Amino acid sequence: MKPGLPTAMERPHFIGIGGAGMSGIAKILAQRGARVAGSDSRGDSETAQALRAHGATVHGGHAPGNLADDSTCVVVSSAIRADNPELARAAELGIPVVHRSDALAALMDGLRPIAVAGTHGKTTTTSMLAVSLSALGLDPSYAIGGDLDAPGSNAHHGEGDIFVAEADESDRTFHKYTPQVAIILNAELDHHANYASIEEIYESFETFVAKIVPGGTLVVAHGQEGAAEIARRVAGRQGLTVVTYGEEDGADVRITKITPRGLTSEVTVVLAGRMLTFTVSVPGRHYAHNAVAALAAGVALGIPAHNLASALGKYTGVKRRLQLKGEAAGVQVIDSYAHHPTEMTADLEAIRGAAGDSRILVVFQPHLFSRTQELGTEMGRALTLADASVVLDIYPAREDPLPGITSEIIIAAARAAGADVTAEHDKDAVADVVAGMAKPGDLVLTMGAGDVTDLGPAILARLSN
């Protein structure tokens with residue numbers, strides 16, 4: 001076995017192994033020599049196939065018989081319900097149950113971790129670090145909440161001593177990590193099933209910061225209200241270096257210029273008194289800030305700034321983050337994971353800046369009843385940045401419906417703000433609806449964290465016909 005494999009994870013079983021976070025940990029364990037097994041509702045998915053290529057056993061569906069008697073642990077995420085039959089079987093056999101975050105924390109042990117946190121931008125920033133550090137030959141390990149390109153590219157076991165991890169605040173599991181460098185991109189009220197107020201969000205991020213190892217560094221957005229509030233609260237902590245970044249005066253890494261160049265940006269920063277200009281190969285101010293956060297974090301680990309800045313240009317995007325799905329009949333179809341109003345606004349502004357005179361048409365699928373209840377009005381207002389939108393029913397994910405909470409909340413808010421919005425309850429009809437709206441030169445954005453991403457190929461096929 002390769003070094004660094006925790007004994008308790010020699011024969012792990014993952015319930016929901018195909019999930020974005022779970023599949024990455026399973027892959028790293030397989031690469032370290034573990035005998036990995038697991039189950040997923042989509043046993044034939046591309047992610048499942050990629051895991052099988054690394055020697056993992058992946059069962060379709062959930063059943064007690066999927067769990068081998070000699071499994072050393074069962075790994076679960078917060079999305080796994082207590083009545084899962086494999087959990088019940090684990091209890092019968094006395095097999096320890098390990099949360100995904102504990103498994104990831106164990107994999108970081110003995111390495112130099114960078115943990116990327118924030119309400120938005122985690123996947124992009126983690127990916128930027130993974131790609132740029134790899135381009136420099138440092139061969140980092142990494143675990144990302146989305147695929148870089150091919151299925152299964154969300155994680156890697158490297159021979160280097162750096163581990164880059166996306167740190168999820170949604171269920172407070174990022175409290176398990178002890179990074180050498182932590183990034184806080186932003187802090188806003190979200191994940192309403194787990195946080196009742198912005199104060200709880202701040203307290204949770206403070207706990208995360210307290211886990212940074214003595215002598216470590218916090219990289220934090222200077223101009224974002226929530227992140228700046230956390231920086232104020234932790235200022236002066238002994239053994240912690242705080243590095244701020246942003247466009248505002250007073251930022252330690254100051255962004256002096258962001259120049260849009262089609263679907264890329266040129267970014268100029270002043271770092272330690274020196275000016276540095278580099279290219280970010282994705283559009284928009286939001287992504288430029290993510291790249292500067294990655295730059296500051298790498299420098300905190302001792303990587304020369306000019307080397308890392310050049311390597312950041314190797315990053316060309318991640319699946320579902322303004323990913324071009326294709327073009328048909330003169331219409332480009334782009335996929336966006338944005339599901340919070342701030343993310344929606346950032347992606348729409350980025351596309352607007354790159355689109356010129358082209359129309360932007362959005363197919364938006366709200367994600368979670370609780371999020372729609374709290375932020376539906378703001379989601380509707382964000383859609384005013386599109387020329388026209390089609391809004392689908394709420395994607396429930398792990399939640400049960402809430403009385404009176406539907407996508408009509410978003411639609412009403414959008415129309416009240418002057419947006420052109422069409423409601424569509426039949427997902428299978430969307431391709432025809434969009435084909436009837438789109439004209440050559442238009443950009444179509446499929447947007448949301450659910451299965452709206454599946455509509456891209458259907459829209460392209462319909463446009464081709």
Side-chain angles (χ1 to χ4, degrees), residues 9 11-32 34-68 71 73-90 95 97-104 107 122-123 126-127 130 142-157 165-166 168 170-171 173 318-321 323 335 337 339 365 367-368 395-399 448-457:
M9 296 181 196
R11 298 184 301 281
H13 178 90
F14 288 75
I15 303 177
I17 196 170
M22 296 281 273
S23 62
I25 297 168
K27 178 183 176 182
I28 293 172
L29 282 169
Q31 289 177 322
R32 290 192 183 187
R35 194 189 76 192
V36 175
S39 60
D40 198 70
S41 56
R42 294 183 61 195
D44 59 346
S45 68
E46 291 180 325
T47 300
Q49 293 169 23
L51 286 169
R52 290 187 183 108
H54 287 282
T57 300
V58 181
H59 303 278
H62 301 286
N66 292 340
L67 179 61
S71 298
C73 70
V74 170
V75 184
V76 298
S77 72
S78 299
I80 302 303
R81 293 178 180 263
D83 60 357
N84 183 280
E86 292 165 29
L87 265 183
R89 180 60 176 160
I95 298 173
V97 177
V98 176
H99 193 275
R100 176 189 65 82
S101 57
D102 291 304
L104 180 55
L107 293 179
K122 293 186 293 292
T123 298
T126 310
S127 301
Y142 54 82
I144 308 169
D147 286 331
L148 289 170
D149 41 44
S153 59
N154 60 330
H156 170 67
H157 167 60
E166 182 171 334
D168 182 14
S170 66
D171 54 1
T173 52
V318 65
K319 277 185 73 174
R320 305 228 52 213
R321 272 64 176 184
Q323 179 191 15
D335 195 28
Y337 188 71
H339 51 280
Q365 181 188 53
H367 186 259
L368 299 180
Y395 184 81
R398 57 190 177 272
E399 291 187 344
D451 58 6
V452 66
T453 184
D454 298 338
L455 291 177

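We count residues from 1, following the sequence as given. Since the model is a prediction, treat every value here as computed from it, not as a measurement.
- Across all non-hydrogen atoms, the minimal contact from T47 to G18 is CG2-O, 3.8 Å.
- A search for ring pair (Phe, Tyr, Trp, His ring centres under 6.0 Å) contacts involving H339 returns Y337, H367, not counting sequence neighbours.
- Residues V74 and A90 share a closest heavy-atom pair of CG2-CB, 3.8 Å.
- Residues L104 and S101 are not in side-chain contact: their nearest non-hydrogen atoms beyond the backbone lie 4.5 Å or more apart.
- L455 is not listed as a side-chain neighbour of Q365, based on a closest heavy-atom distance of 4.5 Å or more.
- We find the CD1-CG distance between I15 and N84 to be 4.5 Å, quoted to the nearest 0.5 Å.
- Closest of all the heavy-atom pairs between G145 and E166 is N-OE1, 2.7 Å.
- Closest approach of A48 and R42 over heavy atoms only: CB-O, 4.1 Å.
- Taking OG of S153 as the reference point, atom OH of Y142 lies at 7.0 Å (rounded to 0.5 Å).
- To the nearest 0.5 Å, atoms NE2 (H13) and OG1 (T57) are separated by 10.0 Å.
- Distance CZ/R89 to CG/L67: 7.0 Å, rounded to 0.5 Å.
- Contact annotation: the side chain of Y395 never approaches that of V452 to less than 4.5 Å [non-hydrogen atoms, C-beta and beyond].
- Applying the side-chain contact (heavy atoms from CB on, under 4.5 Å) test to P396 and every residue at least two apart in sequence or in another chain returns F369.
- At least one donor-acceptor pair under 3.5 Å links the side chain of R52 to the backbone N or O of V58.
- Between the CG atom in D40 and the CG atom in N66 there is a gap of 11.0 Å [rounded to 0.5 Å].
- When every heavy atom of V98 is checked against every heavy atom of M9, the shortest pair comes out as CG1-CE, 4.3 Å.
- Judged by distance alone, the side chain of R11 and the main-chain N or O of A68 form no donor-acceptor pair under 3.5 Å.
- Side chain of E86 to main chain of A63: a donor-acceptor pair is present (N/O by atom type, distance under 3.5 Å, no hydrogens or angles).
- Residues R100 and D168 have side chains in contact (heavy-atom distance under 4.5 Å, counting atoms from C-beta outward).
- Using a 4.5 Å cut-off on side-chain heavy atoms (C-beta onward), V36 and L51 make no contact.
- Of the inter-residue distances, the one linking S23 atom OG with H54 atom NE2 reads 10.5 Å to the nearest 0.5 angstrom.
- Between S78 and H99, the closest side-chain pair of non-hydrogen atoms falls below 4.5 Å.
- Taking every heavy atom of both residues into account, I17 and A37 meet most closely at CD1-O, 3.9 Å.
- At a threshold of 4.5 Å between non-hydrogen side-chain atoms, the residues I25 and V75 do not count as touching.
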